Protein chains: 2
Amino acid sequence: MGVIERKEREKELRSENIIDAAERIFFNKGFEHATMNDVAEEAELSKGALYLYFHSKNELCMAILQRSLHILRKIFVLLLNEKNLTGIEKFTKLAELFITFAKEHTNHYNSLLSYREHRENCPATGKIIKSTIEENQNINNIISDIIKMGQIDKTIKKNIDADRLSLALWGNFTGIMPSSILSEKVITNFNPEDIIKYHFELLINAIRN
Amino acid sequence: MGVIERKEREKELRSENIIDAAERIFFNKGFEHATMNDVAEEAELSKGALYLYFHSKNELCMAILQRSLHILRKIFVLLLNEKNLTGIEKFTKLAELFITFAKEHTNHYNSLLSYREHRENCPATGKIIKSTIEENQNINNIISDIIKMGQIDKTIKKNIDADRLSLALWGNFTGIMPSSILSEKVITNFNPEDIIKYHFELLINAIRN
DNA sequence: TCACCAACTGACCCATGGTCATATTTTGTC
DNA sequence: GACAAAATATGACCATGGGTCAGTTGGTGA
């Protein structure tokens with residue numbers, strides 16, 4: 001009797017459906033202006049039911065953020081496993097992929113930037129928070145691994161600290177600059193893409209063997 | 001009769017007092033958990049009075065953020081005007097100063113990271129938003145100028161794009177990584193300081209003449 | 001002394017996150 | 001099929017807090 005298993009699957013499905021609905025609502029109205037009633041309606045559930053699956057509005061948001069990280073990780077994994085590319089070539093492609101991600105998954109990219117805002121209001125013990133941290137860690141490891149591959153195939157200098165550099169890059173990727181301050185046209189004519197690419201160029205020069 | 005002038009001064013003073021109170025409350029309770037009633041009480045005013053000086057809670061927050069930028073700018077101006085330092089030396093000191101700022105003005109530093117959150121809910125026409133953008137622009141110009149000084153005194157490569165590099169650095173400084181994701185002990189043993197310093201090291205290698 | 005006006009007050013409005021007693025559906029048992 | 005127990009869902013309700021506004025206060029200038 002796979003009743004329990006089926007129920008578990010259904011519960012998982014409901015949860016995913018709620019996140020789907022939340023994405024549509026949050027991405028459309030913005031986190032602050034979207035209400036839990038909106039989400040409930042979109043999910044074809046009552047508000048109370050939402051709270052059977054998520055502790056709070058913030059946690060629901062973290063679930064979306066986790067998805068964003070998941071998408072990005074999958075993209076990076078593809079790069080990591082690609083044959084016929086040297087380490088430094090993969091490293092170069094990182095910037096490109098990230099820009100593509102920001103362009104093609106703009107809403108998800110933006111969700112990453114509100115990590116702080118939502119994270120603070122979620123208990124650290126939750127499953128969602130844990131997955132989020134795990135995804136994040138994975139992404140850093142992938143970047144780090146790409147650098148290390150470059151050191152093995154001798155296209156990246158041996159003395160580069162792969163772990164530190166990967167963290168620095170990640171910080172740069174998710175810096176608030178690209179999407180907010182920079183997008184104030186008043187401030188600059190450069191677009192975020194420009195800046196990220198230029199920054200990468202300099203780093204590549206610094207680490208190339 | 002300087003009555004009008006005096007009144008203007010007093011109004012300005014009130015405004016500053018409110019921001020003082022708001023800092024004490026927001027920095028203590030956190031933006032989300034602090035209420036306008038708290039701020040009003042701390043400022044020894046009624047809630048209604050706050051709204052004579054600031055359009056919204058978010059705008060009050062932007063006023064704090066503007067102060068943060070102002071503090072940081074003053075620090076950077078000192079560096080810019082320092083004699084007896086070459087361009088590359090000043091550039092090197094930028095990282096140090098920023099880390100010091102983050103350590104000694106942690107609350108103000110954190111306020112910078114919530115730019116997006118508050119910015120979205122403020123009309124672009126407001127005086128506070130304008131000053132914020134201006135301070136931001138100034139800081140970018142200072143960083144850019146430091147790089148250009150290095151190019152003049154030949155300690156920094158001629159072909160470095162000062163404007164783009166300054167924006168990339170600013171993005172890195174205000175990335176969400178340092179204070180949030182990185183501070184999850186689970187993820188890494190490095191502290192933000194480490195990462196920023198290492199990143200700078202690489203860049204310095206790349207741009208040094 | 002008085003009219004005026006800017007500064008200020010705080011009771012009030014209302015939107016919304018979150019709760020909970022109740023209702024509905026599903027499941028297991030006989 | 002009947003029925004109790006458990007799981008799931010409902011939506012009226014509550015508390016909170018951002019924001020408003022009719023009314024008060026007190027300084028100013030005539």
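Values in this document were obtained by computation on a predicted structure and should not be read as measured data. Here is how names work: the chains are called A, B, and so on, in the same order as the sequence lines, proteins then strands, and each is numbered from 1.
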### Query
Using 30° and 60° as the class limits, which term best fits the ring planes of A:Tyr109 and A:Phe101: parallel, tilted or perpendicular?
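The arrangement is perpendicular - the two ring planes meet at more than 60°.
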### Task
Scan side-chain atoms only and decide if A:Thr35 and A:Asp38 contain a donor-acceptor pair under the 3.5 Å cut-off.
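Judged by distance alone, the side chains do pair up.
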Please list, for nucleotides 25-27 of chain D, all pairs of protein and nucleotide N/O atoms separated by less than 3.5 Å.
none

### Task
Decide yes or no for B:Leu80 and B:Met149: does some side-chain heavy atom of the first lie under 4.5 Å from some side-chain heavy atom of the second?
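Yes; the side chains approach each other to less than 4.5 Å.
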### Message
Side chains of B:Leu202 and A:Ile160, heavy atoms from C-beta outward: is any pair under 4.5 Å?
### Response
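Yes - at least one pair of side-chain heavy atoms lies under 4.5 Å apart.
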Using atom [atom1] of [X] as one end and atom [atom2] of [N] as the other, report the distance to the nearest whole Å.
{"X": "A:Leu45", "N": "D:dT10", "atom1": "CG", "atom2": "C1'", "result": "10 Å"}
{"X": "B:Leu52", "N": "C:dG10", "atom1": "CG", "atom2": "C1'", "result": "13 Å"}
{"X": "A:Asp38", "N": "C:dT16", "atom1": "CG", "atom2": "P", "result": "8 Å"}
{"X": "B:Ile4", "N": "C:dC5", "atom1": "CD1", "atom2": "P", "result": "14 Å"}
{"X": "A:Glu44", "N": "D:dG11", "atom1": "CD", "atom2": "P", "result": "13 Å"}
{"X": "A:Glu8", "N": "C:dT27", "atom1": "CD", "atom2": "C1'", "result": "16 Å"}
{"X": "B:Glu41", "N": "C:dG10", "atom1": "CD", "atom2": "P", "result": "11 Å"}
{"X": "A:Glu10", "N": "C:dT25", "atom1": "CD", "atom2": "P", "result": "15 Å"}

### Ion pair check, A:Arg67 and A:Asp20, cut-off under 4.0 Å
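Between A:Asp20 and A:Arg67 there is a salt bridge, with a charged N closer than 4.0 Å to a carboxylate O.
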### Electrostatic pair B:Glu10:B:Arg6 at N-O distance under 4.0 angstrom
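Yes, this pair counts.
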### Query
Given B:Glu42, which of B:Arg24, B:Lys29, B:Lys47 fulfils the salt bridge (Lys or Arg N to Asp or Glu O under 4.0 Å) condition?
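When B:Arg24, B:Lys29, B:Lys47 are each tested with B:Glu42, the salt bridge (Lys or Arg N to Asp or Glu O under 4.0 Å) holds only for B:Arg24.
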### Query
Nearest to the side chain of A:Lys11, which nucleotide is it out of D:dA9, D:dT8, C:dC8?
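Nearest to the side-chain atoms of A:Lys11, counting from C-beta on, is D:dT8.
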### Query
Roughly how far apart are B:Asp161 CG and B:Gln151 CD, rounded to 0.5 Å?
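B:Asp161 CG to B:Gln151 CD: 8.5 Å, rounded to 0.5 Å.
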### Message
Can you tell me how far apart CD (B:Glu120) and OH (B:Tyr115) are? Round to the nearest 0.5 Å.
### Response
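Output value for this atom pair is 10.0 Å.
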### Message
Using five base pairs at each end to define the local axes, how bent is the helix from C:dT1-D:dA30 to C:dC30-D:dG1, to the nearest 10°?
### Response
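Axis angle across the helix from C:dT1-D:dA30 to C:dC30-D:dG1, nearest 10°: 0°.
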### Query
Within a reach of under 6.0 Å around NZ of B:Lys93, are more than 12 heavy atoms found that belong to other residues, nucleotides or ligands?
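No, NZ of B:Lys93 has 12 or fewer neighbouring heavy atoms, counting only those of other groups under 6.0 Å.
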### Task
Would you check, one step at a time, whether the test ring pair (Phe, Tyr, Trp, His ring centres under 6.0 Å) holds for B:His108 with B:His70?
CA-CA 10 Å; B:His108 278 110; B:His70 187 74; over 10 Å; no
### Task
Spell out protein contact along nucleotides 17-22 of chain D as letters: B when the base is contacted, S when just the sugar-phosphate is, - when no protein heavy atom is under 4.0 Å; keep the 5' to 3' order.
SBBBB-
### Task
Name the nucleic acid region contacted by A:Tyr53, choosing base, sugar-phosphate or nothing; use a 4.0 angstrom heavy-atom cut-off, strictly under.
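It contacts sugar-phosphate atoms only.
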